[in-house]
*Asks:* 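Below you will find the structure I want to go over with you.
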Number of protein chains: 2
Amino acid sequence: MTAKGAGAVPKGTTQAAATGGGQPTIISIAERAGVSIASVSRVLNGIGARPATVDKVERAAAELGYVPNAVARSLKDGRTRQLTFAMPDIGNPVYVAMVRAIQSVAKAAGYRLLLHSTDAVAEDELAVLHSLGDRTSDGLILCPIRITDAHVDALRSASGPVVVIGSLPSGVPVDSVRADSVEGVALAVRHLYETGRRRIAFVNGPADTVPGHKRGEGFRKALADCGLVYDPELVVHTDFGIESGAAAAESLLDLKPDAVFGANDQLALGAARALHARGLRIPEDVAVAGMDDSVLAQAGWPPLTSVDLGSTERGRRAAELLLQRLDTPEAPGSTSENPTPRTTTAPPRLVVRASTGRAASDS
Amino acid sequence: MTAKGAGAVPKGTTQAAATGGGQPTIISIAERAGVSIASVSRVLNGIGARPATVDKVERAAAELGYVPNAVARSLKDGRTRQLTFAMPDIGNPVYVAMVRAIQSVAKAAGYRLLLHSTDAVAEDELAVLHSLGDRTSDGLILCPIRITDAHVDALRSASGPVVVIGSLPSGVPVDSVRADSVEGVALAVRHLYETGRRRIAFVNGPADTVPGHKRGEGFRKALADCGLVYDPELVVHTDFGIESGAAAAESLLDLKPDAVFGANDQLALGAARALHARGLRIPEDVAVAGMDDSVLAQAGWPPLTSVDLGSTERGRRAAELLLQRLDTPEAPGSTSENPTPRTTTAPPRLVVRASTGRAASDS
DNA sequence: CTGAAAGCGCTAACAG
DNA sequence: CTGTTAGCGCTTTCAG
């Protein structure tokens, strides 16, 4: 209220804006340096000015402890230099890996990272997508676990650049980075087969999620490739989580599998716990393998063989794709439509550890 | 460029701003609805208006798919509804727990969360502190692992509300939430003592970090309280991390401890690995306990006894403290100085699991 | 080289 | 109830 019309006050009073309660602005600096705000802006942005002016401005800015107001700048040039990453659960090491990778790329490019934990709630994901329109961030990396029609619609009409980590139905004009679950599963199954396992149980995640579905499909295929028969009894669907894995494995053990494969490390670890509890030895009696190769894989004993589906890599690529979109002003085509979507697939990698050594009967 | 002076154009052309390439604004809506931007603003903010007007505006807004520009709003009312959380390493489960808690509180209060991984680099922490001045977020939760004089200075002159998770030297006018490491360590040591352990080895983190120091101090004190002598040989400092823990424990095993206590779960897990590798049984031969009670504690075998230092609780409280500061316009005292800092301490909690069962010789 | 002035999108007086 | 207008802080023509 006091600082009214301060912009026009040429008196070097260092008072109005400087004391006006808030942060110093270019106005405070202009007053203090006795120049116009335009000059201040120029100096601060390294645009030509007379040495004397530069000096006065820089001195004033330093004395005042000036920090440019990012919000004002954003309003002016329409970009916030913020990226949003929305994933189901920050408690899952897989997403943590993505966050790390994304944060790292973003930081290097001068972007901040806004985090959203959606708890895999579709509504939340849609809300995030919708809120892209509020211009709070320049782009979004979305990692949905289920993809509904509503997602596709929202993706179609997104009001800003989006990159999806996950498998999108074809035809959706959005960049995406996917994992090769099928090949990943095959890697593990083949490895188990080659180390002498023939009765491989599979503890899978929820069947109605994209990853759950793909992994199940991959498992079937992989068994066939190895010439093993698919026994539905040896496959269980459950929630991701150690407890769930333990419970599920518990029920499978009566079927005397010689290997348990978990659709992620938590599940595998749960299975390992069930085995330990029954006094079964890993890997002598039963081999155990997981997926994701998260920190958890090395936490247990024996260390867990696991398939790295490239979370870090996917995060990195997603961030890079997004940044590319941001740097490319606009497709020459229609109004921000027709982005000619790009898709990459991160290759899986098998990390063999002690949990899948040879079977006792095999040695 | 085309949309120049659009604000003054009263013609209901629905053209200028609506087609101007970008997102719809209140101007587009005003044009389409044939009312003034002020009316649009009022309707959109639920302030009184004639039903007919309300209707026209809402219809126009819906048709245009209008989403308010958060940046513009921020510039206007000086708040972004964003919070920043800066911690050393998002890869550490402890910080993940904090992120979760903070995100949850923030979300409930309508705030977004901005994440910064500082890699425990002091410069980065200071930069974050300094960047508070750019008004990108309304407040900061900082979790430094070391606290230098520079930190204290920066904290003193912070240009916005800050809450520190960690132990601050007294006299720094900043809210903080701390863990009670000393009592936490005591909980574990006492438990080990009570279950028959007498030669307790301690794998600690870096001595020059606040947590490392406090835990070391706590360990000494706890031993004394149990009437055990402090044997410097049984204490090792190393980096946090499973590998480090394994290596460190390795070197301690020759000293025949009957328990190994890790300053965090990773360290304890590393120790467990070393024990397994030597064929020692947990807990029959050697008990193992860790700290933080992270997800890792339940990942291994046997499940790890661990002291929960309340990461989640600390995150929650920090967020709440920060939000309180934000809701409280200003201390009646001087210009945002003298915030009469508040400090809370989260109580530690011992979680007993199988890794610290009774010793074989004791049964 | 420098100053005046026009906005970026929105809210909040202040007049009608 | 509604329209006009003045900014929030900054960048950027456009004239000097």
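Letters go in sequence order (proteins before strands), and every chain restarts at 1.
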*Asks:* Between B:R100 and A:D89, is there a salt bridge with N-O shorter than 4.0 Å?
*Replies:*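 Yes, charged N to carboxylate O under 4.0 Å.
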*Asks:* Hey, does the side chain of A:S39 come within less than 4.0 Å of C:dT2's phosphate (OP1/OP2), counting only N and O?
*Replies:*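 A:S39 to C:dT2 OP1/OP2: no side-chain N or O under 4.0 Å.
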*Asks:* Taking CZ from B:R50 and P from D:dT2, how many angstroms apart are they, rounded to a whole number?
*Replies:*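 Result: 5 Å.
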*Asks:* Sorted by first residue and then second, give each salt bridge (charged side-chain N to carboxylate O under 4.0 Å, His left out) pair with at least one member in residues 33-45 of chain B; sequence neighbours left out.
*Replies:*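 Applying salt bridge (charged side-chain N to carboxylate O under 4.0 Å, His left out) to every pair that reaches into residues 33-45 of chain B, excluding sequence neighbours, yields nothing.
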*Asks:* So if I take every side-chain heavy atom of A:T53 and compare against C:dC8, C:dT2, D:dG3, which nucleotide ends up nearest?
*Replies:*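 Per side-chain heavy atoms of A:T53, the pick is C:dT2.
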*Asks:* Working to the nearest 0.5 Å, report the span between CZ of A:R135 and OG of A:S74.
*Replies:*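 So the gap between those two atoms works out to 11.5 Å.
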*Asks:* For B:L64 and C:dG9, give me the distance from atom CG to atom C1', rounded to whole Å.
*Replies:*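 Spelled out: CG on B:L64 to C1' on C:dG9 is 14 Å.
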*Asks:* For A:K56 and C:dT2, give me the distance from atom NZ to atom C1', rounded to whole Å.
*Replies:*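 A:K56 atom NZ is separated from C:dT2 atom C1' by 10 Å.
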*Asks:* In Å, rounded to the nearest 0.5 Å, how long is the span from CG of B:L326 to CG of B:L321?
*Replies:*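 Reported value, rounded in 0.5 Å steps: 11.0 Å.
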*Asks:* Reading nucleotides 10-16 of chain C 5' to 3', which nucleotides get B (base under 4.0 Å from a protein heavy atom), which S (sugar-phosphate only), which -?
*Replies:* BBBB---
*Asks:* Quick test of your reading of the model: are B:D124 and A:K107 salt-bridged, counting only N-O distances below 4.0 Å?
*Replies:*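 A salt bridge is present here (some side-chain N lies under 4.0 Å from a carboxylate O).
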*Asks:* Under 4.0 Å between any heavy atoms, over every strand shown, what does A:V35 touch: base, sugar-phosphate, or nothing? Just pick one.
*Replies:*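 Sugar-phosphate contact only.
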*Asks:* Side chain to side chain contact (heavy atoms under 4.5 Å, CB included) for B:L44 and B:V57? Distances and angles first, verdict last.
*Replies:* CA-CA 8 Å; B:L44 262 24; B:V57 171; 3.9 Å; yes
